[in-house]
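The next block holds one structure in the form of structure tokens; read it before the comments.
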Amino acid sequence: MNAIKVVVIGANGTLGRAVQEALRGRGHEVVTASRKDADVHVDITDPESIRAMYDAVGPVDAVAVAAGSVPWKPLGELTTQDVRAGLEGKAVSQIELVRQGSVRLPAHASFTLITGILAREPLLTGSVASLVNGAVEAFVRAAAIELPGRQRINAVSPTVFEESMGIYGDTFAGFDAVPVARAANAYVKSVEGHRTGEIFQV
């Protein structure tokens, strides 16, 4: 595949750094975007910030998202604001990236969003994460038939990473952890491939 220009959003996290490395290793030009310490500043929960990011990066061939936050609380302790915060932090934010990007990016462009294993394997205190991941995956399937031109959209849905077990290991007891590089390869598959409306489980 010829080298393309990819903006990686959430570039400073464990996954974001691995996605950068994988894409650069394939010869692609990577523009990093994050709240801090990146080529371009972006707060994905702020539509104006997303607009400014797209203005700053100019034409790109692909958008790869490795960002999104949700609250982890027992169901009985969740507030309406917690639910809204989760939806804004990982679902509405990614939908807005696609909504704005679809009218700015070229006809061949692609979007790769992030979900997670809780969409299919729920955990205690993870009801908002399950809700949001499921919403993003449903959006990906629906948007795939509406994007203009030949634009594509997929999502990567990883389990817990080996590199994060020291932090999240107790929460994900019994889960088979995977190296973050495996999830990064799923982004490469999405960016360089031809599939759309897919959820790449890792």
Using a 4.5 Å cut-off on heavy atoms from C-beta on, say whether the side chain of [Y] contacts that of [X].
X: Val98; Y: Leu113; answer: yes
X: Val60; Y: Val6; answer: no
X: Leu23; Y: Val188; answer: yes
X: Ser127; Y: Val83; answer: no
X: Val160; Y: Met165; answer: yes
X: Val156; Y: Thr112; answer: yes
X: Tyr54; Y: Val63; answer: yes

query = Is there a donor in the side chain of Gln100 and an acceptor in the side chain of Arg104, or the other way round, less than 3.5 Å apart?
reply = no

query = Are Thr14 and Glu163 close enough that a side-chain donor and a side-chain acceptor fall under 3.5 Å?
reply = no

Write down the atom of [X], the atom of [Y], and the distance for their closest heavy-atom approach.
X: Val40; Y: Ala56; result: CG1-CB, 4.0 Å
X: Ser190; Y: Ser110; result: O-OG, 4.4 Å
X: Val70; Y: Val128; result: CB-CG1, 4.3 Å
X: Gly126; Y: Leu118; result: O-CD2, 3.7 Å
X: Arg120; Y: Ser157; result: NH1-OG, 2.6 Å
X: Gly27; Y: Ala3; result: O-CB, 3.2 Å

ask   = Can Asp61 and Lys5 be counted as an ion pair, charged N to O under 4.0 angstrom?
value = no

Between [atom1] on residue [X] and [atom2] on residue [Y], distance to nearest 0.5 Å:
X: Tyr187; Y: Leu15; atom1: OH; atom2: CG; result: 4.5 Å
X: Ile9; Y: Ile50; atom1: CD1; atom2: CD1; result: 7.5 Å
X: Asp46; Y: Arg51; atom1: CG; atom2: CZ; result: 9.0 Å
X: His28; Y: Asn2; atom1: NE2; atom2: CG; result: 9.5 Å
X: Ile117; Y: Gln201; atom1: CD1; atom2: CD; result: 8.0 Å

Do [X] side-chain atoms and [Y] backbone N/O form a donor-acceptor pair below 3.5 Å?
X: Gln94; Y: Gly68; answer: no
X: Arg152; Y: Val191; answer: yes
X: Asn12; Y: Lys36; answer: yes
X: Thr125; Y: Lys73; answer: no
X: Asn154; Y: Phe200; answer: no
X: Gln151; Y: Ser102; answer: yes
X: Ser93; Y: Glu88; answer: yes
X: Asp82; Y: Thr79; answer: yes

[atom1] ([X]) with more than 12 external heavy atoms under 6.0 Å:
X: Glu21; atom1: CD; value: no
X: Asp55; atom1: CG; value: yes
X: Arg84; atom1: CZ; value: no

query = Do Leu147 and Leu97 belong to the same hydrophobic cluster, where Ile, Leu, Val, Met, Phe, Trp and Tyr are linked whenever their side-chain heavy atoms lie under 4.5 Å apart, directly or via other members?
reply = yes

query = According to a 4.5 Å side-chain heavy-atom criterion applied to Ile, Leu, Val, Met, Phe, Trp and Tyr, with indirect links allowed, do Leu123 and Leu75 form part of one hydrophobic cluster?
reply = yes

ask   = Which is it for Thr32 and Asp39 under the side-chain hydrogen bond (donor to acceptor under 3.5 Å, both in side chains) test, yes or no, and what are the steps along the way?
value = CA-CA 5 Å; Thr32 60; Asp39 297 326; 3.2 Å; yes

inquiry  = Show, in sequence, the C-alpha distance, side-chain angles and deciding distance for Glu48 and Asp43, and conclude whether the side chain to side chain contact (heavy atoms under 4.5 Å, CB included) test is met.
reply    = CA-CA 9 Å; Glu48 289 301 322; Asp43 175 357; over 6 Å; no

